Q: 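Let me give you the structure first, and then I'll get to my questions.
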Amino acid sequence: MSEAMAMVGLFWIAQGDVYVGAKPSGLSPGVRLTPDGVTALGDGGSGLHLWEDVHGLTVTDVPLRSLMRQVGAVKDLALGTVANLALPGSGGPVEEAPAMMTVRVTSSGGDHDLSAYVAAANGYASTEVELSQALLSRLTEGAATMATTLAAMSEWGRTAEAGTPRRQERERLLLEWAA
């Protein structure tokens with residue numbers, strides 16, 4: 001049975017788990033939001049930043065969706081297909097590692113930059129980035145707000161149909177969770 005997961009804005013929600021960026025596997029870097037705090041995952045992760053110490057949470061280096069980014073993805077796919085047809089057994093196209101984003105945690109102990117892979121191959125829509133940043137800010141407003149917001153995101157992840165919803169639904173969810 002496959003795991004139900006979906007991307008909503010800058011968040012990857014798998015069952016009840018909420019990640020910023022792509023859900024990491026193995027020793028890959030990633031950032032998970034839990035009721036306890038912001039957790040750095042993977043090799044070189046700097047552990048847990050408790051919510052009571054977190055004063056700010058932002059994401060930088062977010063690739064925005066653009067026509068040129070989409071054209072580039074189509075071009076790369078076409079070139080990989082042609083190379084595979086022309087040179088059977090070549091192993092197919094060499095995939096580049098996904099882009100990285102920086103999740104900045106501002107806490108009593110200073111700023112901590114955590115790394116997370118980008119989940120959107122063609123970048124993120126600017127509206128979803130803005131709504132996601134507002135939601136991250138909302139999570140730092142206090143324990144009750146954080147707990148309610150994360151609980152709503154987790155519950156949606158546990159009950160949602162598999163797959164990422166359409167953009168209008170993603171924006172509605174981000175607005176609802178940030179309210």
Side-chain angles (χ1 to χ4, degrees), residues 2-34 38-45 56-81 92-105 112-140 149-150 152-179:
S2 66
E3 177 180 26
M5 57 191 136
M7 185 175 61
V8 179
L10 298 178
F11 305 98
W12 187 266
I13 304 172
Q15 300 295 350
D17 297 333
V18 178
Y19 301 88
V20 179
K23 177 183 177 183
S25 63
L27 297 177
S28 298
V31 176
R32 183 173 171 206
L33 305 177
T34 70
V38 180
T39 306
L41 303 170
D43 193 28
L57 195 55
T58 57
V59 182
T60 60
D61 310 318
V62 178
L64 294 178
R65 182 174 298 141
S66 70
L67 179 58
M68 290 310 294
R69 188 177 302 276
Q70 291 173 330
V71 167
V74 170
K75 176 193 70 128
D76 291 345
L77 178 63
L79 288 175
T81 301
V94 176
E95 290 188 31
E96 292 181 30
M100 298 289 285
M101 299 186 297
T102 302
V103 180
R104 174 159 290 155
V105 179
H112 308 276
D113 289 343
L114 313 178
S115 297
Y117 283 116
V118 169
N122 294 324
Y124 297 93
S126 59
T127 303
E128 286 186 74
V129 172
E130 291 169 15
L131 292 171
S132 296
Q133 297 281 22
L135 178 53
L136 287 168
S137 177
R138 179 112 169 99
L139 289 171
T140 65
T149 303
L150 266 184
M153 294 172 80
S154 294
E155 180 60 25
W156 179 85
R158 281 189 291 277
T159 60
E161 298 295 319
T164 298
R166 296 200 176 275
R167 186 172 72 189
Q168 186 176 11
E169 175 67 5
R170 294 191 309 264
E171 290 175 5
R172 185 194 67 75
L173 285 166
L174 290 167
L175 281 168
E176 179 182 309
W177 294 333

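The first residue in the sequence is number 1, and the count goes up from there. None of the values given here were measured: they were computed from a predicted structure.
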Q: Test of understanding: with side-chain contact (heavy atoms from CB on, under 4.5 Å), list the residues that count as partners of S115, not counting sequence neighbours.
A: P29, M100
Q: Answer yes if the side chains of T102 and D61 hold a donor-acceptor pair under 3.5 Å, and no otherwise.
A: yes
Q: List the residues meeting side-chain contact (heavy atoms from CB on, under 4.5 Å) with R167, not counting sequence neighbours, and say none if there are none.
A: A125, E128, R170, E171
Q: For the CG atom of L131 and the OG atom of S126, what is their distance to the nearest 0.5 Å?
A: 9.5 Å
Q: Any donor and acceptor pair, going by atom type alone, linking the side chain of Q133 with main-chain N or O of V59 inside 3.5 Å?
A: yes
Q: Under the rule for side-chain contact (heavy atoms from CB on, under 4.5 Å), what residues qualify as partners of A119, not counting sequence neighbours?
A: M7, W12, A22, Y124
Q: Applying side chain to side chain donor-acceptor pair (under 3.5 Å), can you list everything that pairs with E130, at least two apart in sequence or on another chain?
A: none
Q: Which heavy atom of F11 sits nearest to which heavy atom of L135, and what is that distance?
A: CE1-CD2, 3.5 Å
Q: Could you state the interatomic distance from NZ (K23) to CG (L41), rounded to the nearest 0.5 Å?
A: 10.0 Å
Q: Shortest non-hydrogen contact from A116 to V20?
A: CB-O, 3.4 Å
Q: Between the side chains of D17 and R32, is the shortest nitrogen-to-carboxylate-oxygen separation below 4.0 Å, so that they form an ion pair?
A: yes
Q: Which residues satisfy the side chain to side chain donor-acceptor pair (under 3.5 Å) test with T127, sequence neighbours excluded?
A: none
Q: Would you please name every residue forming a side-chain contact (heavy atoms from CB on, under 4.5 Å) with E169, sequence neighbours left out?
A: P165, R172, L173
Q: Measuring from T149:OG1 to E176:CD, what's the distance to the nearest 0.5 Å?
A: 10.5 Å
Q: Please report the C-alpha distance between W156 and I13 in whole Å, then the side-chain angles of each, then the deciding distance to 0.1 Å, and finally whether the side-chain contact (heavy atoms from CB on, under 4.5 Å) criterion is met.
A: CA-CA 9 Å; W156 179 85; I13 304 172; 3.9 Å; yes
Q: Might you point out which heavy atoms bring G16 and S154 nearest each other, and give the distance in Å?
A: O-OG, 2.8 Å
Q: Output the distance between atom CG (L136) and atom CG (L10), rounded to the nearest 0.5 Å.
A: 7.0 Å
Q: Among V118, V129, N122, find the residue that satisfies the side-chain contact (heavy atoms from CB on, under 4.5 Å) test when tested with P63.
A: V118
Q: Apply side-chain contact (heavy atoms from CB on, under 4.5 Å) to L57 and V103, showing your working.
A: CA-CA 7 Å; L57 195 55; V103 180; 3.9 Å; yes
Q: Determine the minimum heavy-atom distance between T34 and L150, stating which atoms define it.
A: O-CD1, 3.3 Å
Q: Can you measure from OG1 (T39) to CG (L114) and round to the nearest 0.5 angstrom?
A: 9.5 Å
